[in-house]
Amino acid sequence: MQDLTIALTKGRLADKTMALLEKAGYSCEEMKEDSRKLIFRNAEQRMNFFLSKGPDVPTYVEYGAADIGIVGSDIIMEENRRVYEVLDLGFGKCRMCVAGPAAARERLQHHEMIRVASKYPNIARDYFYNTKHQTVDIIKLNGSVELGPLVGLSDVIVDIVETGSTLRANGLEVLETVCDLSARMIVNQVSMQMQTDRIRQFILDVRKALEAWRGKT
Ligand code: PRP
């Protein structure tokens with residue numbers, strides 16, 4: 001039996017993902033320890049797990065360094081890697097939005113040439129160019145995107161909104177919704193052919209754990 005390697009996303013999704021995998025019968029005790037170690041092994045189940053930054057998860061999966069990845073659909077859309085998306089995990093729910101000061105609403109509606117700051121330039125481009133047919137200037141940022149309109153870098157932002165508290169705290173609001181988002185499972189295309197039974201079983205176990213989880217809430 002070959003090893004199966006799973007790439008998990010650091011940060012907001014990590015705890016829920018690990019809890020879900022444990023419920024599905026794939027636990028890795030070592031991972032819970034507070035250490036600088038990057039890769040964890042469950043020798044008995046022949047599974048490896050590692051945590052990486054979200055945008056890197058589809059990269060590891062496309063190249064086969066991980067057979068399976070768990071990552072937000074925002075990142076899957078932005079990275080546009082050749083992977084199979086096999087399961088919506090239903091947690092990590094949030095929205096991709098155009099946000100800004102209320103005053104930007106009119107400029108947005110009148111299709112004026114505006115500046116858009118985003119950690120997601122591909123999603124922003126696709127939304128404005130292909131959905132809205134509006135020409136905009138897109139500026140890539142790497143975090144704290146809400147600063148864009150506050151310091152005059154951009155008119156609006158395209159970013160994820162979960163509770164809305166970051167927007168509220170900075171006097172910004174949702175102006176348009178681009179799409180709903182949640183955590184997804186992705187699979188390497190070759191692994192899917194070579195390890196079909198194991199991967200199918202893994203998906204099934206995770207799906208069952210999700211159903212049991214949902215039944216309780
Ligand atoms: C994300 C996002 C928003 C915030 C939204 O940032 O970019 O800033 O969370 O969440 P809320 O609606 O619950 O306030 P993250 O915390 O991942 O950090 P970053 O800004 O450095 O990217």
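Both counts, for ligands and for their atoms, begin at 1 and track the order of listing. Keep in mind that the numbers below use all heavy atoms, side chains included, and drop hydrogens, waters and symmetry copies.
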Compute the shortest N/O to N/O distance between Gly164 and ligand 1 and return yes if it is under 3.5 Å, no if not. yes
Taking both backbone and side-chain atoms of Arg12, is any N or O found less than 3.5 Å from an N or O belonging to ligand 1? yes
Just which atoms of ligand 1 are under 4.0 Å from any heavy atom in Thr163? 11 (P), 12 (O), 13 (O), 14 (O)
What do you reckon, is NZ of Lys16 surrounded by more than 12 foreign heavy atoms closer than 6.0 Å? no
Name the option, out of Glu162, Glu146, Arg168, that contains the heavy atom nearest to atom 3 (C) of ligand 1. Glu146
Would Glu173 and Arg105 count as a salt bridge (Lys or Arg N to Asp or Glu O under 4.0 Å) here? Give the steps. CA-CA 10 Å; Glu173 56 188 68; Arg105 196 179 291 277; 2.8 Å; yes
Ligand 1 atoms nearer than 4.0 angstrom to some heavy atom of Val161 are 12 (O)
Ligand 1 atoms nearer than 4.0 angstrom to some heavy atom of Lys119 are 7 (O), 19 (P), 22 (O)
Checking side-chain polar atoms at under 3.5 Å, does Asp197 have a donor or acceptor matched by the opposite partner on Gln201? no
Give the atom numbers and elements of ligand 1 that come within less than 4.0 Å of a heavy atom of Asp159. 2 (C), 3 (C), 7 (O), 8 (O)
Starting from atom 14 (O) of ligand 1, which protein heavy atom do you reach first, and at what distance in Å? Thr166 OG1, 2.4 Å
Decide yes or no for Leu141 and Leu153: does some side-chain heavy atom of the first lie under 4.5 Å from some side-chain heavy atom of the second? yes
Hey, which atoms in ligand 1 end up nearer than 4.0 Å to a heavy atom of Ile160? 2 (C), 3 (C), 5 (C)
Around atom CZ of Arg200, are there more than 12 heavy atoms from other residues, nucleotides or ligands closer than 6.0 Å? no
Give the numbers and elements of all ligand 1 atoms closer than 4.0 Å to a heavy atom of Ser144. 19 (P), 20 (O), 21 (O)
Taking only non-hydrogen atoms of Ser165 and a 4.0 Å limit, the atoms of ligand 1 in range are 12 (O), 14 (O)
Asp155/Arg115 under salt bridge (Lys or Arg N to Asp or Glu O under 4.0 Å): CA gap, chis, key distance, verdict: CA-CA 5 Å; Asp155 299 284; Arg115 279 183 162 180; over 6 Å; no
Identified side chain to side chain contact (heavy atoms under 4.5 Å, CB included) partner of Ile70 from the options Thr9, Leu89, Leu20: Leu89
Any side-chain heavy atom of Ile186 within less than 4.5 Å of one from Tyr60? no
